[in-house]
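Both counts, for ligands and for their atoms, begin at 1 and track the order of listing. Each residue takes its place number in the sequence, starting with 1.
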Amino acid sequence: MKIIMLGAPGAGKGTQAKMIAEKYQIPHVSTGDIFRANIKNGTELGMEAKKYMDQGQLVPDELTVKILLDRVAQADCANGYVLDGFPRTIPQAEVLDKALTELGESIDYAVDVNVPDENIVRRMSGRRACLACGATYHIAHIPPKKEGICDTCGQELVLRDDDKPETVLKRLQVYHEQTQPLIDFYTAKGVLRTVDGTVDMKDVFGAIVSILEG
Ligand code: ADP
Ligand code: AMP
């Protein structure tokens, strides 16, 4: 099963992608997580990506597409995957589509997690991330068991540099300009499904499972 998570930054794509990955035993592939791991390890790719990420801008397609195609070509992706944060532009979607078509494959579902802009800034300022394992929490809605510490791996949680309110507003603008057109792209392919992302995360997940198993 190949699934794409769509939605504004902070809509809950990563939260849901992790639950999907666990239930269906497929890898959760997040380009944002790959970039953050590279930044943490001080790689050349990480330093290049950080310049864009800190401004709330997208990392250029040339860099992003290669990373994603290399990742989904790995053996653990043979039975499918859930993509979180990719594609984010029409050219990225076209490259993915072409690569899959060449393999005789296609995306099964593009799930749009719908959350209005008003809710997003509040969500992002409360988000706490584990840069070691990629887990995400929210100080009010989804707190870790021990404040500031990741439940999964015990590392310290951080407020992401790009979750500061001024950067979030820029990211929302970039989302509407460059990523939202993907909704029409996947509607035209007949695979778009929309869920209400404002309800409790378990209910969002229930709606997604109904779609995947419907
Ligand atoms: P994205 O991957 O789309 O950027 P995240 O999954 O990281 O978004 O979620 C953004 C923030 O909102 C996180 O702090 C997360 O814990 C919180 N969150 C996710 N889903 C919900 C929900 N259904 N209700 C409330 N908060 C949520
Ligand atoms: P995310 O973790 O998905 O919120 O991504 C964090 C940041 O990483 C984004 O704001 C972009 O700067 C960058 N990024 C992640 N995925 C992509 C992508 N597919 N295309 C371009 N930039 C990306």
Side-chain angles (χ1 to χ4, degrees), residues 4-21 28-40 45-46 48-69 71-72 82-96 111-117 119-131 134-144 150-151 157-164 167-175 177-179 182 195-208:
I4 289 174
M5 303 304 293
L6 293 176
K13 300 182 295 297
T15 301
Q16 297 300 325
K18 276 202 179 336
M19 296 163 83
I20 294 170
H28 166 208
V29 175
S30 155
T31 38
D33 282 353
I34 295 172
F35 289 136
R36 281 185 289 278
N38 275 274
I39 292 172
K40 192 162 177 261
L45 167 69
E48 185 62 19
K50 188 172 179 0
K51 288 196 274 190
Y52 299 93
M53 291 168 75
D54 283 353
Q55 301 299 315
Q57 300 280 4
L58 297 184
V59 177
D61 288 345
E62 307 82 81
L63 282 180
T64 311
V65 161
K66 183 173 180 331
I67 284 164
L68 188 279
L69 293 183
R71 178 65 190 90
V72 297
V82 49
L83 297 186
D84 159 21
F86 187 99
R88 260 183 160 99
T89 64
I90 293 282
Q92 289 180 11
E94 285 171 342
V95 173
L96 175 65
V111 179
D112 179 34
V113 183
N114 189 17
V115 175
D117 286 7
N119 300 22
I120 294 286
V121 179
R122 200 169 45 240
R123 273 207 191 174
M124 305 285 258
S125 58
R127 170 156 67 181
R128 293 295 178 271
C130 175
L131 297 183
T136 302
Y137 303 86
H138 188 282
I139 49 176
H141 309 302
I142 306 166
C150 179
D151 291 350
L157 301 175
V158 296
L159 173 66
R160 278 169 42 179
D161 285 343
D162 59 347
D163 280 351
K164 305 202 165 99
T167 316
V168 170
L169 292 177
K170 180 67 199 172
R171 291 170 67 198
L172 270 176
Q173 185 194 339
V174 167
Y175 165 76
E177 286 168 8
Q178 300 195 54
T179 308
L182 293 176
V195 293
D196 178 1
T198 62
V199 296
D200 186 274
M201 63 184 258
K202 291 192 190 64
D203 297 326
V204 182
F205 187 57
I208 293 175

Handout entry: Any N or O of Arg128 closer than 3.5 Å to N or O of ligand 1
Key = no
Practice task
Taking Asp200 for its side chain and Lys202 for its backbone only, find out whether a donor-acceptor pair lies under 3.5 Å.
Solution key: yes
Practice task
Return each pair, listed once, that meets side chain to side chain donor-acceptor pair (under 3.5 Å) where at least one residue sits in residues 4-16; pairs must be two or more places apart or across chains.
Solution key: none
Problem - Basic-acidic side-chain contact under 4.0 Å: Asp163, Arg171 - result: yes
Exercise for the section: Examine the proximity of ligand 1 to Ile142 and report which part, side chain or backbone, both or neither, has a heavy atom under 4.0 Å away. Expected result: side chain
Practice task
For Leu63, check side chain to side chain contact (heavy atoms under 4.5 Å, CB included) against everything at least two apart and list the hits.
Solution key: Leu45, Glu48, Val59, Pro60
Exercise for the section: Could you tell me whether the side chain of Arg123 and the main chain of Gly10 form a donor-acceptor pair under 3.5 Å? Expected result: yes
Exercise for the section: Answer yes or no: does an N/O atom from Arg127 fall short of 3.5 Å to an N/O atom of ligand 1? Expected result: yes
Completion exercise
Checking heavy atoms under 4.0 Å, the part of Ala8 that sits near ligand 1 is backbone
Practice task
Could you please provide the protein residues found below 4.0 Å of ligand 2 on a heavy-atom basis, arranged by chain and number?
Solution key: Thr31, Gly32, Phe35, Arg36, Met53, Gln57, Leu58, Val59, Thr64, Gly85, Phe86, Arg88, Gln92, Arg160, Asp162, Arg171
Handout entry: Short side-chain to backbone donor-acceptor contact, Arg122 and Asn119, under 3.5 Å
Key = no
Exercise for the section: Looking only at protein heavy atoms, identify the closest one to atom 6 (O) of ligand 1 and say how far it is in Å. Expected result: Thr15 OG1, 2.6 Å
Handout entry: N/O donor-acceptor pair under 3.5 Å between Arg71 side chain and Val29 backbone
Key = no
Handout entry: Interfacing atoms of ligand 1 (cut-off 4.0 Å, heavy-atom, Gly14)
Key = 1 (P), 2 (O), 6 (O)
Practice task
For the residue pair Leu182 and Ile90, establish whether any side-chain heavy-atom pair is separated by less than 4.5 Å.
Solution key: yes
Problem - Within reach of ligand 1, part of Met201 (heavy-atom separation under 4.0 Å) - result: both
Problem - For atom 24 (N) of ligand 1, closest protein heavy-atom neighbour - result: Arg123 NH2, 3.5 Å
Handout entry: Polar contact flag for Met124 and ligand 1 (N/O pairs, less than 3.5 Å)
Key = no
Problem - Non-hydrogen atom of Gly7 closer than 4.0 Å to ligand 1 - result: no
Fill in the blank from the handout: Sorted by chain and residue number, the side chain to side chain contact (heavy atoms under 4.5 Å, CB included) partners of Pro143 (sequence neighbours excluded) come out as none
Handout entry: Distance-only N or O hit between ligand 1 and Thr198, under 3.5 Å
Key = no
Problem - Heavy-atom donor-acceptor pair, Thr167 side chain to Gly56 backbone, under 3.5 Å - result: no
Handout entry: Closest protein heavy atom (residue, atom, distance) for atom 23 (N) of ligand 1
Key = Val199 O, 2.7 Å
Exercise for the section: Please examine the side chains of Phe86 and Leu96, heavy atoms only from C-beta on, and report whether any two atoms are closer than 4.5 Å. Expected result: yes
Handout entry: Side chain, backbone, both or neither: the part of Asp200 lying under 4.0 Å from ligand 1 by heavy atom
Key = backbone
Handout entry: Check: Gly126 N/O within less than 3.5 Å of ligand 1 N/O
Key = no
Handout entry: Exercise: do Thr89 and Asp61 side chains pair donor with acceptor under 3.5 Å
Key = yes
Fill in the blank from the handout: The option among Tyr137, Tyr175, Phe205 carrying the non-hydrogen atom nearest to atom 14 (O) of ligand 1 is Tyr137
